[in-house]
Novice: 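One structure coming up, written as structure tokens, with questions to follow.
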Amino acid sequence: MDKYGLIGFPLKHSFSPLIHNKAFKYLNIDAHYEKYEVSDQKFEHSILQLKESDIKGFNVTVPYKQKIIPYIDELEPLAKKVGAINTIKKSGNRWIGYNTDLYGLLIPLENHLKLISSVLIIGAGGAGNAACFALLNKKEIRKIDIVNRSKENAINLSHSLKKEFTFEGEVYDSKEIIKNRNKYDLIINTTSVGMGDLIKESPINITSVAHKKTIVYDLIYNPKETLLLKTAIKQNLRVINGLKMLIGQAKKSFEIWTGQEYPANIISEDFFYKK
Ligand code: NDP
């Protein structure tokens, strides 16, 4: 049986095994996808063990999308530019790294892009980086501001983006954003604030930065509605959670690993959120 999996910490919330194992079963592929929850202290040891194992491929999630790069033998060009990966395929004894988050992230925005020119990205980690890259590749988007708990990380992200793209963009820390007078067409939460131990928290107060037609997109998919999204719904704003992105990035990973298209219509939103 071929082995696939997911490395990260924590992983309790992850829907990835459901998505991949459903397709393996449907297509009669003799393979299984499982979670490998790895603490920071055991990260290097676990990666070296995986290198010796017969695993065919795996996904990488919080907080290792950047940290894993030194262990990768070859990076697909886009992943190299972004500096973060979420998918690894074993080819012979070599690990090839890809970033399928960029593709997944845009899926729920495709029909709205014409209405979006200014964006506020909350967070400056792997997902924040991927969000900025994905959006700046779209001609419609020319203003991206970034707010992050640590301003230094936001500044570093902004500098690396400005080497690749021409765009307008300010950076703020969580306190400074309150004084900001800009209103954004799209606000994306790319932090983990709103899930796990942080489920009762919201990364920012959106009231001062949203206009009537602002779309609020939270990359978190579990819970289905974070506090940020609940607040946006109360203000009658359009909201998107992270499920479509999760499914989109997973489909691309599946194609990279198996060379087969992910089967149509075998999963739907109800499949994940049924009580
Ligand atoms: P990283 O660890 O790379 O980055 C985490 C970000 O969250 C940083 O900006 C960090 O700020 C911020 N942060 C963490 N804890 C706090 C806190 N207590 N208060 C304020 N800010 C905080 O993680 P990723 O970027 O890889 O992932 C972030 C989120 O995106 C996760 O929730 C993940 O589930 C989601 N995601 C969803 C996907 C999907 O398919 N739907 C795909 C990818 C990610 P600082 O720089 O100050 O540390």
Side-chain angles (χ1 to χ4, degrees), residues 6-20 35 37-40 43 59-69 79 82-87 98-109 120-134 145-158 160 171-177 187-205 217-229 239-254 267 269 272-273:
L6 170 66
I7 289 185
F9 190 93
L11 291 182
K12 215 169 86 193
H13 66 281
S14 176
F15 291 159
S16 294
L18 283 174
I19 301 175
H20 290 287
K35 297 180 195 175
E37 198 168 65
V38 171
S39 66
D40 201 31
F43 177 76
N59 288 127
V60 187
T61 188
V62 186
Y64 302 131
K65 288 182 185 182
Q66 289 155 317
K67 192 168 178 177
I68 196 153
I69 288 191
V82 181
I85 59 171
N86 72 322
T87 303
Y98 302 81
N99 189 316
T100 70
D101 282 339
L102 296 165
Y103 168 82
L105 189 130
L106 290 177
I107 288 180
L109 294 176
L120 177 65
I121 300 289
I122 312 169
N129 192 352
C132 293
F133 254 85
D145 288 353
I146 302 167
V147 53
N148 195 44
R149 171 176 65 177
S150 107
K151 192 168 176 182
E152 196 189 344
N153 290 346
I155 292 171
N156 289 342
L157 173 56
S158 177
S160 73
V171 297
Y172 304 94
D173 67 26
S174 318
K175 286 184 191 125
E176 290 167 339
I177 193 70
I187 298 171
I188 310 185
N189 175 34
T190 73
T191 75
S192 37
V193 181
M195 65 182 257
D197 293 344
L198 305 174
I199 197 162
K200 291 189 178 145
E201 293 181 29
S202 178
I204 61 162
N205 176 354
Y217 182 5
D218 199 325
L219 300 194
I220 295 172
Y221 54 85
N222 189 5
K224 183 178 179 182
E225 280 171 10
T226 55
L227 182 57
L228 177 77
L229 293 191
V239 300
I240 301 169
N241 79 3
L243 187 64
K244 286 193 173 66
M245 173 178 177
L246 177 81
I247 295 172
Q249 63 77 30
K251 286 181 174 176
K252 269 270 180 236
S253 300
F254 187 88
I267 44 171
E269 206 162 299
F272 299 97
Y273 296 126

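Counting starts at 1 for both ligands and their atoms, in listed order. What you are looking at is a predicted structure, and each value in this text was computed from that prediction instead of being measured.
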Novice: I'd like to check the salt bridge (charged side-chain N to carboxylate O under 4.0 Å, His left out) partners of Glu176; sequence neighbours left out, ordered by chain and number.
Specialist: Lys151

Novice: Could you tell me whether the side chain of Asp40 reaches within less than 4.5 Å of the side chain of Pro63, counting heavy atoms only?
Specialist: no

Novice: Looking at side-chain heavy atoms only, is the closest gap between Ser14 and Thr61 below 4.5 Å?
Specialist: no

Novice: Partners of Tyr98 by ring pair (Phe, Tyr, Trp, His ring centres under 6.0 Å), sequence neighbours excluded?
Specialist: none

Novice: Test of understanding: with side chain to side chain donor-acceptor pair (under 3.5 Å), list the residues that count as partners of Asp197, not counting sequence neighbours.
Specialist: none

Novice: Below 3.5 Å only, please: the N or O atoms of ligand 1 paired with protein N or O atoms, distance on each line.
Specialist:
residue  : atom   : partner : partner atom : Å
ligand 1 : 3 (O)  : Gly126  : N            : 2.9
ligand 1 : 9 (O)  : Ala124  : N            : 2.9
ligand 1 : 9 (O)  : Asn148  : OD1          : 2.7
ligand 1 : 11 (O) : Asn148  : OD1          : 3.2
ligand 1 : 18 (N) : Arg149  : NH1          : 3.4
ligand 1 : 25 (O) : Gly126  : N            : 3.1
ligand 1 : 25 (O) : Ala127  : N            : 2.6
ligand 1 : 40 (O) : Leu246  : N            : 3.3
ligand 1 : 41 (N) : Leu219  : O            : 2.8
ligand 1 : 41 (N) : Gly242  : O            : 2.9
ligand 1 : 46 (O) : Asn148  : ND2          : 2.7
ligand 1 : 46 (O) : Asn153  : ND2          : 2.8
ligand 1 : 47 (O) : Arg149  : NE           : 3.1
ligand 1 : 47 (O) : Ser150  : N            : 3.0
ligand 1 : 48 (O) : Arg149  : NH2          : 2.9

Novice: Which heavy atom of Leu105 sits nearest a heavy atom of Ala134, and at what distance?
Specialist: CD2-CB, 4.1 Å

